[in-house]
Amino acid sequence: QLQLVESGGGLVQPGTSLRLSCAISGFRLDYYAIGWFRQAPGKEREGISCINSRGGNTNYADSAKGRFTISRDNAKNTVYLQMNSLKPEDTAVYYCAAYEVLPLRRCALSLGEYDYWGQGTQVTVSS
């Protein structure tokens with residue numbers, strides 16, 4: 001079955017970096033757009049970044065632009081989110097998600113597009 005498993009979260013100090021990984025199994029990654037979302041306590045889940053099926057198109061929320069980078073390795077069926085200059089407001093559970101999409105189609109950051117979700121990984125930014 002389709003499965004997404006996040007890893008790489010943890011407790012870090014402000015200004016440092018983390019790289020999250022989303023390992024995907026059960027389907028060919030190059031037919032799916034992948035997104036990263038996060039949900040802080042008491043807040044709605046929000047889209048952070050996405051990458052289209054072939055990796056040529058990426059999209060970022062304003063909160064992630066300039067600090068986060070999404071990438072994918074289709075050979076390893078893994079998508080990454082490199083997060084730099086982390087801030088306390090980045091504290092949240094981070095989820096990766098997937099939906100099937102035509103090749104070269106731009107990815108979307110809206111939750112409703114995504115059909116498959118991982119279980120999440122906690123990121124805490126605190127001094």
Side-chain angles (χ1 to χ4, degrees):
Q1 67 273 21
L2 308 181
Q3 191 172 17
L4 298 92
V5 179
E6 303 93 338
S7 62
L11 172 63
V12 296
Q13 292 190 338
T16 60
S17 300
L18 272 178
R19 188 177 79 159
L20 305 182
S21 298
C22 176
I24 298 151
S25 61
F27 60 91
R28 284 188 57 174
L29 186 58
D30 53 357
Y31 293 121
Y32 287 79
I34 306 296
W36 281 99
F37 296 79
R38 69 185 182 188
Q39 188 166 18
K43 294 188 177 181
E44 294 186 352
R45 193 171 298 189
E46 61 172 344
I48 297 300
S49 182
C50 65
I51 188 165
N52 73 342
S53 61
R54 299 295 171 85
N57 161 248
T58 57
N59 198 4
Y60 295 92
D62 288 343
S63 59
K65 287 178 181 176
R67 299 190 300 128
F68 294 1
T69 303
I70 191 170
S71 62
R72 63 193 293 158
D73 185 336
N74 285 2
K76 295 183 178 179
N77 254 29
T78 302
V79 174
Y80 305 97
L81 184 68
Q82 177 68 41
M83 304 188 295
N84 299 328
S85 302
L86 284 163
K87 305 174 182 179
E89 50 264 44
D90 294 317
T91 295
V93 178
Y94 284 71
Y95 301 89
C96 63
Y99 69 98
E100 192 171 5
V101 65
L102 293 174
L104 305 180
R105 188 81 177 266
R106 294 181 63 86
C107 63
L109 274 178
S110 55
L111 274 70
E113 294 284 347
Y114 290 81
D115 300 310
Y116 308 100
W117 292 82
Q119 83 291 346
T121 185
Q122 176 71 46
V123 172
T124 303
V125 185
S126 175
S127 56

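Side chains are part of it too, since the values below use all heavy atoms of this structure and drop only hydrogens, waters and symmetry mates. Because the structure is a prediction, the values reported are computed rather than measured. Each residue takes its place number in the sequence, starting with 1.
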J.: Does a sphere of radius 6.0 Å around CD in Glu89 hold more than 12 heavy atoms from other residues, nucleotides or ligands, not counting ones at 6.0 Å or beyond?
T.: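 Above 12, so yes.
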
J.: To the closest 0.5 Å, what do you measure between SG (Cys22) and CD (Gln3)?
T.: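 Between atom SG of Cys22 and atom CD of Gln3 there are 10.5 Å.
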
J.: Of all heavy-atom pairs between Gly47 and Ala61, which one has the smallest distance, and what is that distance?
T.: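 Distance-wise, the nearest heavy atoms are O-CB, 3.3 Å.
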
J.: Say whether Leu109 and Tyr116 are linked into one hydrophobic cluster, either directly or through other cluster members, by side-chain heavy-atom distances under 4.5 angstrom.
T.: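 In one cluster: no.
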
J.: Under the 3.5 angstrom rule, does the side chain of Glu6 hit a backbone N or O of Gly120 as a donor-acceptor pair?
T.: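 Yes; judged by distance alone, with no hydrogens or angles, the pair exists.
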
J.: To the nearest 0.5 Å, what is the distance between SG (Cys96) and CD1 (Ile51)?
T.: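 Answer for the SG-CD1 pair, Cys96 versus Ile51, is 13.0 Å.
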
J.: Give me the atom names and distance for the closest heavy-atom approach of Ala92 to Arg38.
T.: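 Closest heavy-atom pair between Ala92 and Arg38: CB-CB, 3.8 Å.
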
J.: Holding to side chain to side chain donor-acceptor pair (under 3.5 Å), I want the full list of residues that pass it with Ser17, two or more places apart in sequence or in another chain.
T.: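 So Ser17 forms a side chain to side chain donor-acceptor pair (under 3.5 Å) with Asn84.
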
J.: With a 4.5 Å cut-off on side-chain heavy-atom distances among I, L, V, M, F, W and Y, is there a chain of contacts connecting Tyr31 to Val79?
T.: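 Tyr31 and Val79: one cluster.
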
J.: Looking at every heavy atom in both Ala108 and Glu113, which two are closest together, and how far apart are they?
T.: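 For Ala108 and Glu113, the tightest heavy-atom pair comes out as CB-CG, 3.7 Å.
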
J.: Honestly curious: do Leu4 and Tyr80 fall in one hydrophobic cluster under the side-chain, below-4.5 Å linking rule?
T.: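 No, it is not one cluster - the side chains of Leu4 and Tyr80 are not joined through contacts under 4.5 Å.
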
J.: Atom OG of Ser126 and atom CG of Leu11: how far apart are they, to the nearest 0.5 Å?
T.: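 Taking OG in Ser126 and CG in Leu11, the distance rounds to 6.5 Å.
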
J.: Output the distance between atom CD (Glu100) and atom CZ (Arg105), rounded to the nearest 0.5 Å.
T.: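 It comes to 12.5 Å.
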
J.: Side chain of Ser127, backbone of Gln13: donor and acceptor closer than 3.5 Å?
T.: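 Such a contact is absent between Ser127 side chain and Gln13 backbone.
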
J.: Hey, what do you get for OG1 (Thr58) to CD1 (Ile34), rounding to the nearest 0.5 Å?
T.: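 Nearest 0.5 Å value for the OG1-CD1 distance: 14.0 Å.
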
J.: Identify the heavy atoms of Thr78 and Ala23 that sit nearest to each other, and give their distance.
T.: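 Where Thr78 meets Ala23 most closely, the heavy atoms are OG1-CA, 4.2 Å.
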
J.: Would Ser25 and Asn77 satisfy side-chain contact (heavy atoms from CB on, under 4.5 Å), going step by step from the backbone distance to the final call?
T.: CA-CA 7 Å; Ser25 61; Asn77 254 29; 5.7 Å; no

J.: Quick one: does Tyr60's side chain have a donor or acceptor within less than 3.5 Å of a partner on Ile70's backbone?
T.: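 Indeed, once roles are kept as given, a pair shorter than 3.5 Å links the two residues.
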
J.: Would a 4.5 Å heavy-atom cut-off, applied to side chains only, mark Asp90 and Phe68 as touching?
T.: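 Yes, at least one pair of side-chain atoms sits under 4.5 Å.
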
J.: Does the pair Asp62/Lys65 count as a salt bridge with the N-to-O cut at 4.0 Å?
T.: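 Lys65 and Asp62: salt-bridged.
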
J.: Report yes or no: do Leu2 and Trp36 belong to one cluster of Ile/Leu/Val/Met/Phe/Trp/Tyr joined by side chain heavy-atom distances under 4.5 Å?
T.: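 Yes, Leu2 and Trp36 fall within the same hydrophobic cluster.
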
J.: By the rule that ILVMFWY residues connect when side-chain heavy atoms come within less than 4.5 angstrom, directly or transitively, which residues belong alongside Tyr114?
T.: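 Hydrophobic cluster check, Tyr114: joined to Phe37, Val93, Tyr95, Tyr99, Val101, Leu111, Trp117.
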
J.: Would you check, one step at a time, whether the test side-chain contact (heavy atoms from CB on, under 4.5 Å) holds for Arg106 with Asn52?
T.: CA-CA 6 Å; Arg106 294 181 63 86; Asn52 73 342; over 6 Å; no

J.: Check whether any side-chain heavy atom of Leu20 lies under 4.5 Å from a side-chain heavy atom of Met83, and answer yes or no.
T.: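 SC-SC contact between Leu20 and Met83 confirmed.
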
J.: Which heavy-atom pair separates Ile48 from Ser63 by the least distance, and what is that distance?
T.: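 What the structure gives for the nearest pair is CD1-OG, 4.1 Å.
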
